[in-house]
Chemist: 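Have a look at this one.
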Amino acid sequence: MDKIKSIEELRKLREHAKQSLKTRQGEAKVKVLISMGTVGIAAGARDVLMAIIDELEKRNFTDAQIIERGSLGLDLEEPVVAIDMGGELIYYGKVTPEMARTIVAQHIINGQIVSDWVIAKGNKK
Amino acid sequence: MKEISLNVLDILENSINAQAKNIKLTVIDDEDKDYLFLEIKDDGKGMSPELKEKVFDPFFTSSSNKKVGLGLPLLKYEAESCGGFVVIESQEGKGTVVKIKFKKSHVDRPPLGDLVSTILFIFTTHPEINFSYIHQYNDKVFEIKTQELREACGEDLCSPFIIKGIEELIRNNLNLLYGGDTWTR
């Protein structure tokens, strides 16, 4: 497909991919929570998020919702990413874009927690 | 912050925390007049005159689990060191406008950076907010709004595949505007 330069082309792209884009019904299976206070932003949370989106797109995984939230007070561990797949919340700290890609592949897609990078586990509020 | 676009994201986060429903980001990049101007306008809860007094105080924050709030004070310092300014206009219950100006050719001016990622961030995490982005370079303008995207992509707006499409759309248009990818500078 040609380079997308207009909303019209974006609409066509969506039509084109309609079959593969399984529209989500109800809640997403996976929730990715990323903390975006000033500290998170300065530590690189934006690039981490972009890496997550990029990796999800490459793997054609649509059943994920990205939720931004304020700082948790874990400034030293920023950027913090939490994965919610129904059970416990798993928190990863000092996440780099490369780590984020591994987390997507290993945790989100294959369901294996990357335990080396986990900084906390918690129940949902 | 390494890039101005990260400061923009920080301010956009403030707007979101202030329960804004409509946010408008305007970027004016003028080579002839030698300035880079950014404006973030929201219809959030606004600030009382007392609060507005304190936003540039690094030892003031509205957050309950912190003692310092460095986002705006450092940006103000940076802008002023580069022959520019940061001003805030705010009315309680009406919304807030943040205006940032840098002398473009100033040697200490941080680069604008990856503004596209900042914008995608808002589209992705807050599709319910009506976000509009206008970028003017000399006399050429590019504009995009959440409403248009929502109309074109509907419920797929947040799917990674569509987000990548939106990214390409904005990047290509900025490249067209600047005749290359010099907009990050």
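Worth knowing before you read on, the calculation uses all heavy atoms, side chains too, and leaves out hydrogens, waters and symmetry mates. Only a predicted model underlies this, so the values are computations on that prediction, with no experimental measurement involved.
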Chemist: Do L13(A) and F161(B) have side chains that approach each other closer than 4.5 Å (heavy atoms only, starting at C-beta)?
Modeler: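 Side chain of L13(A) against side chain of F161(B), heavy atoms only: contact under 4.5 Å found.
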Chemist: For E53(B), does the CD atom have more than 12 heavy-atom neighbours from other residues, nucleotides or ligands under 6.0 Å away?
Modeler: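 Counting other residues, nucleotides and ligands, CD of E53(B) stays at 12 neighbours or fewer.
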Chemist: Hey, any chance F37(B) and I11(B) share a hydrophobic cluster, counting ILVMFWY side chains that come within less than 4.5 Å of each other, even indirectly?
Modeler: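 Not linked; separate clusters.
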Chemist: Heavy-atom distances under 4.5 Å only: say whether M50(A) touches chain B with side chain, backbone, both or neither.
Modeler: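 Side chain of M50(A) only, per the 4.5 Å heavy-atom cut-off to chain B.
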Chemist: Is N173(B) close to chain A through its backbone or its side chain, or both, or neither, when contacts mean heavy atoms under 4.5 Å?
Modeler: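 Contact with chain A is through the side chain of N173(B) alone.
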Chemist: Need one label for L49(A): side chain, backbone, both or neither, based on atoms under 4.5 Å from any heavy atom in chain B.
Modeler: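 L49(A) touches chain B through side-chain heavy atoms alone.
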Chemist: For the interface with chain A, which of I144(B), D114(B), L149(B) has the highest count of heavy-atom pairs at distances below 4.5 Å?
Modeler: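 When all of I144(B), D114(B), L149(B) are compared, D114(B) has the most.
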Chemist: Check the hydrophobic clustering (I, L, V, M, F, W, Y; side-chain heavy atoms under 4.5 Å; chains of links allowed) and say if I122(B) and I134(B) are grouped together.
Modeler: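 Different clusters: I122(B) never reaches I134(B) through Ile, Leu, Val, Met, Phe, Trp or Tyr contacts under 4.5 Å.
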Chemist: Could you have a look at G165(B), S5(B), C153(B) and say which one has the most heavy-atom pairs with chain A under 4.5 angstrom?
Modeler: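 The residue among G165(B), S5(B), C153(B) with the greatest pair count is C153(B).
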Chemist: Do E3(B) and R46(A) sit within salt-bridge range, that is, some charged N less than 4.0 Å from a carboxylate O?
Modeler: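 Here E3(B) pairs with R46(A) in a salt bridge, since their nearest N and O are under 4.0 Å apart.
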Chemist: Consider only side-chain heavy atoms of I, L, V, M, F, W and Y, link residues closer than 4.5 Å, and tell whether L176(B) and I119(B) are in one cluster.
Modeler: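 They do not share one cluster, since no chain of ILVMFWY contacts under 4.5 Å joins L176(B) to I119(B).
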Chemist: Roughly how far, to the nearest 0.5 Å, is CD of E68(A) from CD1 of I16(B)?
Modeler: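 CD of E68(A) is found 5.5 Å from CD1 of I16(B).
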Chemist: Could you give the distance from CD1 (I163(B)) to CD1 (I53(A)), rounded to the nearest 0.5 Å?
Modeler: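 One gets 4.0 Å once the value is rounded to the nearest 0.5 Å.
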Chemist: Tell me, yes or no, whether the heavy-atom count around K94(B) atom NZ, taken from other residues, nucleotides or ligands under 6.0 Å, exceeds 12.
Modeler: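 Counting other residues, nucleotides and ligands, NZ of K94(B) stays at 12 neighbours or fewer.
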Chemist: With a 4.5 Å cut-off on side-chain heavy-atom distances among I, L, V, M, F, W and Y, is there a chain of contacts connecting I113(A) to V104(A)?
Modeler: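 Cluster IDs for I113(A) and V104(A) match.
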Chemist: Does any backbone or side-chain atom of D54(A) lie under 4.5 Å from a heavy atom of chain B? Answer side chain, backbone, both or neither.
Modeler: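 Both the backbone and the side chain of D54(A) come within 4.5 Å of chain B.
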Chemist: When rounded to the nearest 0.5 angstrom, what is the spacing between CD1 in I66(A) and CZ in F121(B)?
Modeler: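 Reported to 0.5 Å precision, the distance equals 8.5 Å.
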Chemist: Are more than 12 heavy atoms, taken from residues, nucleotides or ligands other than K33(B), located less than 6.0 Å from that residue's NZ atom?
Modeler: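 Not more than 12 within 6.0 Å, no.
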Chemist: Distance check, rounded to the nearest 0.5 Å: K145(B) atom NZ versus I7(A) atom CD1?
Modeler: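 The NZ atom of K145(B) sits 10.0 Å away from the CD1 atom of I7(A).
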Chemist: For the CZ atom on R59(A), are there more than 12 heavy atoms of other groups (residues, nucleotides or ligands in this structure) within a distance under 6.0 Å?
Modeler: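 Counting neighbours around CZ of R59(A), more than 12 heavy atoms of other residues, nucleotides or ligands fall under 6.0 Å, so yes.
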Chemist: Tell me, for L9(B) versus chain A, whether the close heavy atoms (under 4.5 Å) come from the side chain, the backbone, both or neither.
Modeler: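 Both backbone and side chain of L9(B) come within 4.5 Å of chain A.
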Chemist: How about CZ on F85(B), more than 12 heavy atoms from neighbouring residues, nucleotides or ligands closer than 6.0 Å, or not?
Modeler: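 It does: F85(B) CZ has more than 12 such atoms within range.
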Chemist: If I take atom OG1 from residue T38(A) and atom CG from residue D10(B), how far apart are they, to the nearest 0.5 angstrom?
Modeler: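 It comes to 3.5 Å.
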Chemist: Please say yes or no: joined through hydrophobic side-chain contacts below 4.5 Å, possibly via intermediate residues, are L51(B) and I88(B) part of one cluster?
Modeler: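 Yes; tracing contacts between hydrophobic side chains, which count when under 4.5 Å, links both residues.
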Chemist: Measuring only between side-chain heavy atoms, which start at C-beta, is I162(B) closer than 4.5 Å to R14(A)?
Modeler: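 Answer yes - side chains close enough.
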Chemist: Could you look at E13(B) and say if it's the side chain, the backbone, both or neither that has a heavy atom under 4.5 Å from chain A?
Modeler: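 Only the side chain of E13(B) comes within 4.5 Å of chain A.
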